[in-house]
Protein chains: 2
Amino acid sequence: MAPDDRAQPEKGLPAAVVARLTIYLRALNSFLADGVDRVSSDALAEASGVSSSTLRKDLSQLGSYGTRGVGYEVENLLQHLSAALGLTRDWRVAIVGAGNLGRALARYGGFGTRGFDVVALLDTDPQIIGNEIGWLRVTDAANLEAVFERTRANMAVLALPASVAQSVCDRVVAAGVRSILSFAPTILQVPPGVTLRKVDMATELQILAYHAQRGESGGESGQPSAAAAHTQAHDDAARHRGPSA
Amino acid sequence: MAPDDRAQPEKGLPAAVVARLTIYLRALNSFLADGVDRVSSDALAEASGVSSSTLRKDLSQLGSYGTRGVGYEVENLLQHLSAALGLTRDWRVAIVGAGNLGRALARYGGFGTRGFDVVALLDTDPQIIGNEIGWLRVTDAANLEAVFERTRANMAVLALPASVAQSVCDRVVAAGVRSILSFAPTILQVPPGVTLRKVDMATELQILAYHAQRGESGGESGQPSAAAAHTQAHDDAARHRGPSA
DNA sequence: TAATGTGAAGTTTTTCACAGCC
DNA sequence: GGCTGTGAAAAACTTCACATTA
């Protein structure tokens, strides 16, 4: 049995690849908006800021969605990438923390590519609870568990000060959420089976500082390839372990 | 051979290492706040969510700042990490875009660990220009070049809609900034010599979706090590090329 | 004795180069 | 002819294991 083991998005993709797929997705959407029907691996790689070999290797892990001698059909590839990333179903996101950042995120209408519904916005501040932000009303974080159950939120975005981040994170996990995006400037611990990603301006600025500090070294400039001409930084690496069994 | 090529922070650190240094920095600050004087590589690794071998390898690239049989002095290591990351000098950050996100970032007082001064906040909206946000007054982005020169900003944070991000980015680069952190949900192209990092909720959610979609696979559970028990995702990878000469 | 620092081994990721197909 | 898909080579990164040193 099992005539074809290839093209199994369910099988487990390297973290670095997943991170790049999101970039390709954005580049493809951009091409689509410009009315471009087909792209070559070179063109897409250029727009994405990666090498064309990396791009082809990445895409080949999902299956053979290109046509030799021609390239990739933008819309088709977009479909397959979306499917691979799990964007065909809808995700219900609860934002915890309606301070400056939480409000900004909630109002951020173009919530990336669609597929992510913000279903709740919570806070503990009585002055903020009840306010209308975007299409949402801020609910009391004291009822976090109830709100998560009612809205069936399956992702949480933490827009909280560092001091309360861990305890709220624990409650969110206890409420059954296993995908968390934290904007809190602190290290969080989550149990196995929960995926946590972290976005942090301080970290990013520090990395920029490192590169700025050492100035641009007098690197050699003989690279005939145009593929390395631009600069783009991105992230990757998400670890998680199996269920507690 | 080559008796001592080590301990040269100026020599170029792997991108993955730089990303982790920022985590160690945060963990160390946390230890410091708790009044802890010394940490072992095991303890610091645990708090940072990495293996102790990785931690020691990383630190050894900076030099030998630990004491065998004892561990690392928190304050001392903090100093050395800060120096390695270029955080001993001050960086002047201009935030371009005073919409919801830009305002949130500007008000974000604990700007990570200190070392980053927000020196300007710019926008094009006449209704926003002149407003006071935090300790700043919003200035007209039409004068971007003048503002950057006057404030001697050497880092820029872009909190802009995708539609104008590239053109503003170009102006920022033309103004001489070579370190840019973009929150705009779009791919940006910058010339060689400029370091760009990108923070993007859509990307992060998509990566979470991927992991959530494939559920937690029934991985084998025989790992005796406790080092992999928690989950933390972080970023890395920043490419840049030599000066335009 | 305890815990760092580090060569060496192992694993993952990227690049190369070209076979295969349109 | 042109461009994808992919094995093989190269590079980067992580883990292991232990010599080393306070």
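Every chain is numbered from 1, with letters handed out A, B, ... down the list of sequences.
The listed nucleotides are D:dT15, D:dG5, C:dT15; the one nearest the side chain of A:S64 is D:dG5. Looking at the side chain of B:S60, the nearest of the listed nucleotides D:dT14, C:dG5, C:dT13 is C:dG5.
Neither OP1 nor OP2 of C:dT13 sits under 4.0 Å from any side-chain N or O of A:T54. For C:dT14, one of the phosphate oxygens OP1 or OP2 lies less than 4.0 angstrom from a side-chain nitrogen or oxygen of A:R20. OP1 or OP2 of D:dT15 lies within a sub-4.0 Å distance of a side-chain N or O belonging to B:S51.
Every pair passing salt bridge (charged side-chain N to carboxylate O under 4.0 Å, His left out) that includes a residue from residues 163-172 of chain B is listed here, sequence neighbours excluded: B:E145-B:R171. Judged as a salt bridge (charged side-chain N to carboxylate O under 4.0 Å, His left out), not a single pair has a partner in residues 65-88 of chain A (not counting sequence neighbours).
Atom CD of A:Q61 sits about 9.5 Å away from atom CG of A:L59, to the nearest 0.5 Å. Interatomic distance, B:W91 CH2 to A:L208 CG, rounded to the nearest 0.5 Å: 9.0 Å. Expressed to the nearest 0.5 Å, how far OG1 of A:T203 lies from CG of B:L85 amounts to 10.0 Å. Here the straight-line distance linking atom CG of A:L28 with atom CG of A:L44 works out to 5.0 Å at 0.5 Å rounding.
A heavy atom closer than 4.0 Å to some atom of DNA chain C occurs in A:T67, A:R68, these being the qualifying members of residues 67-77 of chain A. Remark: A:S40, A:S41 in residues 31-43 of chain A come within less than 4.0 Å of DNA chain D through at least one heavy atom.
Under the 4.5 Å side-chain criterion, counting only non-hydrogen atoms from C-beta, A:L13 is in contact with B:Y210. A 4.5 Å side-chain heavy-atom check between B:D200 and A:T22 finds every atom pair outside the cut-off. No side-chain heavy atom of A:N154 sits under 4.5 Å from any side-chain heavy atom of A:S179. The shortest side-chain heavy-atom distance between B:R38 and B:V70 falls under the 4.5 Å cut-off. No side-chain heavy atom of B:L81 sits under 4.5 Å from any side-chain heavy atom of B:Y65.
Between the B:Q166 side chain and the B:Q189 main chain, a donor and an acceptor come within less than 3.5 Å of each other.
The distance between atom CD of A:Q61 and atom P of C:dT12, rounded to the nearest whole Å, is 13 Å. Distance, A:L55 CG to D:dT4 P: 8 Å, rounded to whole Å. Nucleotide C:dT13 holds its P atom 10 Å from the CG atom of A:L13, rounded to whole Å.
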N/O contacts under 3.5 Å, protein versus nucleotides 7-11 of chain D?
from  : atom 1 : to    : atom 2 : distance (Å)
D:dG7 : N7     : A:K57 : NZ     : 3.4
D:dG7 : O6     : A:K57 : NZ     : 2.9

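Between the two ends of the helix from C:dT1-D:dA22 to C:dC22-D:dG1, each summarised by a five-pair axis, the helix axis turns through 10° (rounded to 10 degrees).
Test A:L78, A:V74, A:D37 against A:F31 for side-chain contact (heavy atoms from CB on, under 4.5 Å) and you get one pass: A:V74.
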